[in-house]
Amino acid sequence: MKTKILLAILALAIAGLIAVPWIASYFYIFIFTEILILGLFAASFNLVFGYTGMLSFGHAAFFGTGAYAMALVLIHLQWPFLVSLLVSISAAALLALIIGFFCVRLNEVYFAMLSLAFGMMVFAVAYQWRSVTNGSDGLAGFSLGSFGFGLDLTLGNPAVYYHVVLAIVFIASAILYLICRSSFGMILRAIRQNPERVSFAGLNVRTYRLVAFVIAGAFAGLAGGLIAPFLRVASPELLHWSMSAEPILMAILGGTGYFLGPFIGAAVFVLLETLITSFTESWMLVLGIILALMVIFFRKGLLGTILDWWMEVRK
Amino acid sequence: MSGIVSALLNSLDIGLLLFIIAVGLNIVFGVLNIINFAHGALYMLGAYLAFTLINIVGMPFWAALFLAPLGVVILAVLIDRFLLRFIYTRDIADSLLLTFALLLIINESVRMIWGSGIQVVQPPQLLAGSMHILGSSVPTYSLFVIVMGLLLLAGLWFLFNRTRIGRIMRAAALDRDMAEVLCINTRLVVTGVFAFGAWLAAFGGVVAAPMRALDPGMGDKIIIESFIVVVIGGLGSFPGALLGAIILGLIHGFGGRYLPEVNMLLPFLGMALVLLFKPHGIMGKGANA
């Protein structure tokens, strides 16, 4: 019964998302594109945090790398969109492998500090390596060519781009969901709850953590590859730790214990941001206050709180 | 030769300043078992309060050196009483998240109050100008920072090894329940230690103010540096904080002079190298995770 209701809500939500360009103005098309991309970014973060129990403060490193990879490929090679996305994914996964190698070796506290430090290292490189990254201005002036597969899509059209993003985010989320549901995902959850027991069971905790970190990095890279053509720029802000704060907040906001939590968190986050930045510039201040309140009082997130409340009512 | 001397002194002043910040981070971690992400923000707050006291109110530098950290200590007590007390008993991820939220709040507040531009604090008359040491000219203020760092180092050593308060703090760090059994008010110790950590950060901020330009990103820079110091030296280790800070100071002092192109990367490379061979830092102890 419960799953049927949830499935119906999900189907309705997807149908609604598909219909957005036909019923809403350009403004909302942009907002929903952003929600989808950031939702995928936050869901990839939650594989590391909510599932594996590693709190990363440097997840933007992979997001930004994906964006830079996309921009560089489009500027210098003009490859089709899908191929460029593969480059974004590979670049971010490779970086995650290198950073993860150092980060997953130690406990939670070290992991948090190291992920932040390495994340800011990537930011520093993008900021200083002017000849490749164009420094603080970032890379702009690239345009999308063909889509790939011989499909004739005008990606420059926001409505078309929205549908492409929707399709890619949907497929990627489905893959991520299957990973979370697989026996591999179960082991990750077991690691979060008790790493000692998992290693006594004969599994190499470090390897599992590293694989989870690389997968999350790859999906973050995909999200980054999608955001660069959307923003029409790949700038160092995408790598900064304030960008790493966003998936953290989205996951906490929606609920880290649920696969869809980060997506709901992303939607609330983007809508709130649009609302708040329309009358104040201090969005980060509001963000900090919301994060503090959520952590202290609503640790299960909106989804968790609502589901708890629903269970209570049905009793 | 003169180049080496000035690079060395430069390394020392960067290193000892970093020590002041990192040791506060370490003490708070040791007793409270939380990593305070907002530690750098408190350092920045100390520097900006000093800026207001000196440039706007017109106080002498020495008064600001005393008063600005006190202001930050009051804020730290409020933070401890009204925010952190909710999460001391929870999973460590919650304290990381909450102090990160604090960092966002303080950073943005600084931007709102003092603006995004760069502010400058002049060193006091006594410490302006420069001195000649072994044929190289060194800013007097730089020597002041070194002296301050050494004084604080000696003071902390004395505090932890020779006083009752220091023993209580060490006892609370080792085993809080046991300390409570021995009639120590650990609630008070926790608040006191958090406030003391904040005092160290803010004191470092005031000391750094005349040496560096103030901008709202200065807290971010110092917290990342302190993390590197702590990772290199070993989390929770007092000599480790000193060693890590001096190593990072040397990397900056000599790297900035001789390898300017890769200067920004060197601290991270140093950290990665230490992690490869000593995952818990040079002075750190504990089994591999």
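Just so it is clear: chains get the letters A, B, ... in the order the sequence lines come, proteins before strands, and each one is counted from 1.
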Flag yes if more than 12 heavy atoms outside Ile118(B) fall under 6.0 Å of its CD1 atom; otherwise flag no.
no
Crowded around Arg197(A) CZ? As in, over 12 foreign heavy atoms under 6.0 Å?
no
Interface check, chain A: of Leu96(B), Val230(B), Leu83(B), Ile106(B), most non-hydrogen pairs under 4.5 Å belong to Leu96(B)
Sidechain-backbone polar pair: Tyr110(A) side chain, Leu235(B) backbone, donor-acceptor under 3.5 Å:
yes
On a heavy-atom basis, which atom in His240(A) and which in Asp220(B) lie closest, and how many Å separate them?
CE1-OD2, 4.0 Å
For Ile223(B), is it the side chain, the backbone, both, or neither that has a heavy atom closer than 4.5 Å to a heavy atom of chain A?
side chain
Distance in Å, Glu108(B) CD paired with Ile289(A) CD1, rounded so as to fall on 0.5 Å steps:
10.0 Å
Please tell me if the side chains of Met121(A) and Met271(B) come closer than 4.5 Å, counting only heavy atoms from C-beta onward.
no
Please classify the contact of Ile252(A) with chain B as side chain, backbone, both or neither, using a heavy-atom distance under 4.5 Å.
side chain
Heavy atoms only, distances under 4.5 angstrom: which of Asn33(B), Leu103(B), Asn107(B), Leu102(B) has the most pairs with chain A? Name it, please.
Leu103(B)
For the student: nearest non-hydrogen atoms of Met120(A) and Phe268(B), plus distance
C-CZ, 4.4 Å
Chain B contact via Val205(A) - side chain, backbone, both or neither, heavy atoms under 4.5 Å
neither
State, to 0.1 Å, how close Phe118(A) and Ala272(B) come at their nearest heavy-atom pair, and which atoms those are.
CZ-CB, 4.4 Å
For Ile34(B), is it the side chain, the backbone, both, or neither that has a heavy atom closer than 4.5 Å to a heavy atom of chain A?
neither
Worked check of side-chain contact (heavy atoms from CB on, under 4.5 Å) between Phe101(A) and Leu276(B)
CA-CA 10 Å; Phe101(A) 174 77; Leu276(B) 270 184; 3.5 Å; yes
Please work out whether the ring planes of Phe57(A) and Phe100(B) are parallel, tilted or perpendicular, with thresholds of 30° and 60°.
tilted
Region of Leu97(B) in contact with chain A, defined by heavy-atom distances below 4.5 Å:
both
Portion of Arg111(B) that has a non-hydrogen atom of chain A nearer than 4.5 angstrom:
neither
Got a sec: does the CE of Met112(B) have more than 12 other heavy atoms crowding it under 6.0 Å?
no
Less than 4.5 Å apart, side chain to side chain, heavy atoms only: is that true for Phe86(B) and Val295(A)?
no
What's the separation between atom CZ in Phe37(B) and atom CG in Leu116(A), rounded to the nearest 0.5 Å?
5.5 Å
Nearest non-hydrogen partners of Ser109(B) and Leu285(A), listed with the distance
OG-CD1, 3.5 Å
What part of Ile248(A) lies closer than 4.5 angstrom to a heavy atom of chain B: side chain, backbone, both or neither?
side chain
So, taking the atom named CG in Asn107(A) and the one named CD1 in Ile92(B), what distance separates them when rounded to the nearest 0.5 Å?
7.5 Å
Quick check for you: to the nearest 0.5 Å, what is the distance between Ile87(B) atom CD1 and Arg299(A) atom CZ?
11.0 Å
Shortest non-hydrogen contact between Ala101(B) and Gly288(A), atoms and distance
CB-O, 3.4 Å
Chain B heavy atoms under 4.5 Å from Trp241(A): which part of the residue, side chain, backbone, both or neither?
both
Say you draw a straight line from CE of Met113(A) to CG of Leu25(B); how long is it, rounded to the nearest 0.5 Å?
7.0 Å
Above 12 or not: heavy atoms from other molecules or residues under 6.0 Å from CZ of Phe160(B)?
yes
Which answer fits Ile105(B), side chain, backbone, both or neither, if we ask what part of it has an atom under 4.5 Å from a heavy atom of chain A?
both
Cut-off 4.5 Å, heavy atoms of chain A, and the answer for Leu265(B) is side chain
Main-chain N/O of Leu275(B) paired with Arg105(A) side-chain donor or acceptor, under 3.5 Å
yes
For residues Ala245(A) and Leu104(B), report the shortest heavy-atom separation together with the two atoms involved.
CB-CD1, 4.4 Å
Give the member of Met54(A), Glu281(A), Gln128(A) that has the highest number of heavy-atom pairs under 4.5 Å with chain B.
Gln128(A)
Tell me whether Tyr258(B) at atom OH has more than 12 heavy atoms from other residues, nucleotides or ligands lying less than 6.0 Å away.
yes
